[in-house]
Amino acid sequence: MKLATWNVNSLKVRLPHLLQWLAENPVDVLCLQETKLTDDKFPVAEINAAGYQVAFSGQKTYNGVAILSKLPILDVVRNNPRFDDPQQRILAATIDGVRILCAYVPNGQAVDSDKYAYKLAWLAALAEWLADEMRSYPQLAILGDYNIAPDDRDVHDPAEWAGQLHCSDKERAALGELTALGLTDAFRMFEQPDKTFSWWDYRQLAFRRNRGLRIDHILLSQALAARCTACAIDRNPRKWEQPSDHAPVIATIG
DNA sequence: ATGGCAATAGAGTATTGA
C-alpha cells in the first residue's frame, strides 16, 4: 500500500500534472492540499476516470483538501471537531482499515503575526483531536503540508532561516506535540540523501539551486510505522512546466 | 532593505503563500 501527499497549489491549474503523476505513480492513497476549488467545481469525473474515488472539502480561492483512493473511502470527517474553523484544511477518512488524515497546516505568514498565532492554535487543537483519533484508530497516518521544517537538515541554509517562519522554536515545538503522541516522521525512518526538500520558492531559481525546505510530511502511528518499508520525495514534477512549488511525498506500507 | 514568482479575484492592483 502506497500513501502519498502533494500540495498542488490549485487543482484547477494542476489537474494535468495530477493525472500524469498518478499514471506514473499509481499510489493507493493520495492526499491533496491547496485545491483552491469550491466543491461544485471539483474535477470528480476526471479523477474517477483515472481509477480513483475521491473525497474533498474546498472553498473559494484558498485552502481546500482532498483524498484520492483506489479503495473505498469510509467515515469521512471534514475539519477538526475540536476547532471551529471556516478554513477548509482537514479531511479524515478510513481506507482499507487505515485512518488517513489529510492536513493543510496554516502558513503563519510571519512570526508573531495573528496568522502565526492561528497556526499554533490550530496545531494545538489538532494534537488534541489526534489523541482521540489514535485511540480509535491504531493504524493512522496524517499526511500533508505542515509548513514546518522539523530540523536544520530540512533547510537549505539553516543560518539564513534560523528563527524564521517554518523554522521557529514554537512551530517546531508544536510539531513535536504531534510526534509526542507516538507519531513518526516516515521520511526519517530511512537513510536519505542530504538536502532533500519538498518545497522550493518560485523565485530566484530556487529549485535549480536546490534552495528548499522539507515541510511536507507523512506521520505514522506506531502500528503503521512498523509496516513502513520506504519513504521518498519525488522531485520530478517540480521540473515540469508550470509546476506546483511543492513535490509529492510517498510512503510504502507493507 | 526590498522584491523577486505564482494563483486568485476581477479588471487596478491587492492578498496570500512559504
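Below, chain A is the first sequence line, B the second, and so on; all start at residue 1.
- Using bins of under 30°, 30° to 60° and over 60° for the plane-to-plane angle, the ring pair A:Trp6/A:Trp21 lands in the tilted bin.
- Residues A:Arg172 and A:Glu177 are not paired through a salt bridge, judged by the lack of any N-O separation under 4.0 Å between the basic side chain and the carboxylate.
- Within 4.0 Å of A:Arg211, counting heavy atoms only, lies no atom of the nucleic acid at all.
- Distance check on atom P: B:dT15 versus B:dA11 gives 15 Å, rounded to whole Å.
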B/S/- contact track for nucleotides 10-18 of chain B, protein heavy atom under 4.0 Å: ------SSB
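- One can place NZ of A:Lys41 at 18 Å from P of B:dA7, the figure rounded to the nearest angstrom.
- Among residues at least two apart or in separate chains, salt bridge (charged side-chain N to carboxylate O under 4.0 Å, His left out) pairs with a member in residues 121-133 of chain A are A:Arg82-A:Glu128, A:Arg82-A:Asp132, A:Arg99-A:Glu133, A:Asp132-A:Arg135.
- One finds no salt bridge joining A:Asp114 and A:Lys119 here, because no Lys/Arg side-chain nitrogen approaches an Asp/Glu carboxylate oxygen to under 4.0 Å.
- B:dG10 sits 15 Å from B:dT16 when the P atoms are compared, rounded to a whole Å.
- Rounding to whole angstrom units, CG of residue A:Asn9 and C1' of B:dC5 are separated by 11 Å.
- For A:Tyr146, the ring-ring contact (aromatic ring centres under 6.0 Å, His included) partners are A:His217, not counting sequence neighbours.
- Taking the P atoms as reference points, B:dG12 lies 29 Å from B:dT2, given to the whole Å.
- With both ends at atom P, the span from B:dA1 to B:dT13 equals 28 Å, rounded to whole Å.
- Across B:dA9 and B:dG3, the matching P atoms stand 25 Å from one another, rounded to whole Å.
- Comment: A:Arg209 does not engage A:Asp157 in a salt bridge, judged by the lack of any side-chain N to carboxylate O separation of less than 4.0 angstrom.
- A salt bridge does not link A:Lys60 with A:Asp40: every distance from a Lys NZ or Arg NE/NH1/NH2 to an Asp or Glu carboxylate oxygen is 4.0 Å or more.
- Across all strands shown, A:Gln164 has no heavy atoms under 4.0 Å from either base or sugar-phosphate atoms.
- Between B:dA6 and A:Ser10, no contact under 4.0 Å exists linking OP1 or OP2 to a side-chain N or O.
- The shortest distance between the side-chain N/O atoms of A:Arg14 and the OP1/OP2 oxygens of B:dA6 is not below 4.0 Å.
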